[in-house]
Amino acid sequence: MAAKKESKATVVKKAVKAVKETVAKAKKTVAKSKTADVEFKVYAPDSASVAVAGDFNNWKPAALKKDKTGNWSGKIKLGAGAHQYKIVFNGQYWETDKANPERVSDGHGGENSIKRV
């Protein structure tokens, strides 16, 4: 028994559907892979050092730079999504970012700040 031939219209419809599915998957992959330079800013004129630590750097404090007016800042490349972090003052005081009201439980009775990309 011979296999039934598909019409040209059916073949084209299937090809269009396959292309649309491939494009949709590619868009999702690109969206997930997007990164952005995110700036962290803290006003702490009396601190000897200020750093940011979060899930994006395995909670290892990354130093921020101080300007003449007491503002500390630095940029970190973050991928798409929500990222938990804390500000580290003088190498020992871990606090939420006072300028960012978005928070989540840190699982230890405190909170972490959230940055969204």
Side-chain angles (χ1 to χ4, degrees):
M1 187 165 171
K4 183 178 175 185
K5 277 191 161 185
E6 293 181 333
S7 71
K8 286 183 182 181
T10 302
V11 172
V12 170
K13 284 180 185 178
K14 286 183 177 181
V16 168
K17 182 180 177 184
V19 168
K20 285 182 179 180
E21 290 173 354
T22 301
V23 169
K25 287 179 185 177
K27 284 182 180 180
K28 286 180 183 178
T29 301
V30 168
K32 287 180 183 177
S33 66
K34 285 186 180 179
T35 61
D37 285 329
V38 176
E39 186 168 33
F40 291 85
K41 287 182 169 183
V42 179
Y43 180 70
D46 299 328
S47 292
S49 69
V50 177
V52 62
D55 57 12
F56 44 82
N57 63 4
N58 293 315
W59 297 96
K60 293 181 182 178
L64 301 178
K65 293 182 181 179
K66 185 179 182 181
D67 68 14
K68 293 177 184 178
T69 63
N71 289 298
W72 296 79
S73 65
K75 290 183 180 180
I76 296 178
K77 191 172 288 293
L78 299 180
H83 301 279
Q84 297 185 34
Y85 70 99
K86 284 192 176 176
I87 304 298
V88 184
F89 297 92
N90 300 324
Q92 58 185 342
Y93 303 106
W94 293 58
E95 299 181 16
T96 56
D97 185 347
K98 303 289 188 246
N100 181 358
E102 190 170 2
R103 309 243 166 76
V104 65
S105 171
D106 67 4
H108 302 285
E111 294 179 315
N112 290 331
S113 297
I114 298 286
K115 281 275 189 189
R116 294 188 187 276
V117 178

Of the non-hydrogen atoms in [X] and [Y], which two are nearest, and what is the gap between them?
X: Lys115; Y: Glu39; result: NZ-O, 3.5 Å
X: Trp94; Y: Pro61; result: CZ2-CG, 3.9 Å
X: Phe89; Y: Ser47; result: CD2-OG, 3.5 Å
X: Lys86; Y: Trp59; result: N-CZ3, 4.0 Å
X: Glu111; Y: Thr96; result: O-CG2, 3.3 Å
X: Ser49; Y: Gly91; result: OG-N, 3.6 Å

Item to complete: Give the cluster check for Ile114 versus Ile87: same hydrophobic cluster or not, with ILVMFWY residues linked at side-chain heavy-atom distances below 4.5 Å.
Response: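 No, Ile114 and Ile87 fall in different hydrophobic clusters.
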Worksheet item: Hey, quick one: are Tyr43 and Phe40 part of the same hydrophobic cluster, counting side-chain heavy atoms closer than 4.5 Å, chains of contacts allowed?
Response: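 Tyr43 does not cluster with Phe40.
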Discussion item. Suppose we screen for side-chain hydrogen bond (donor to acceptor under 3.5 Å, both in side chains). Which residues come up paired with Asp55, at least two apart in sequence or across chains?
Written reply: none
Roughly how far apart are [X] [atom1] and [Y] [atom2], rounded to 0.5 Å?
X: Asn112; Y: His83; atom1: CG; atom2: NE2; value: 13.5 Å
X: Ile76; Y: Thr35; atom1: CD1; atom2: OG1; value: 13.0 Å
X: Lys77; Y: Asp37; atom1: NZ; atom2: CG; value: 4.0 Å

Discussion item. With side chain to side chain contact (heavy atoms under 4.5 Å, CB included) as the criterion, how do Tyr85 and Asn100 come out once you've worked through the C-alpha distance, each side chain's angles and the decisive distance to 0.1 Å?
Written reply: CA-CA 11 Å; Tyr85 70 99; Asn100 181 358; 3.1 Å; yes
Tell me whether [X] contacts the main-chain N or O of [Y] through its side chain, where contact means a donor paired with an acceptor under 3.5 Å.
X: Ser113; Y: Asp97; result: yes
X: Lys66; Y: Pro45; result: yes
X: Asn58; Y: Lys60; result: no

Worksheet item: Among Asn90, Val88, Leu64, which residue meets the side-chain contact (heavy atoms from CB on, under 4.5 Å) test with Val50?
Response: Leu64
Worksheet item: Has Lys75 got more than 12 heavy atoms of other residues, nucleotides or ligands less than 6.0 Å from its NZ?
Response: no
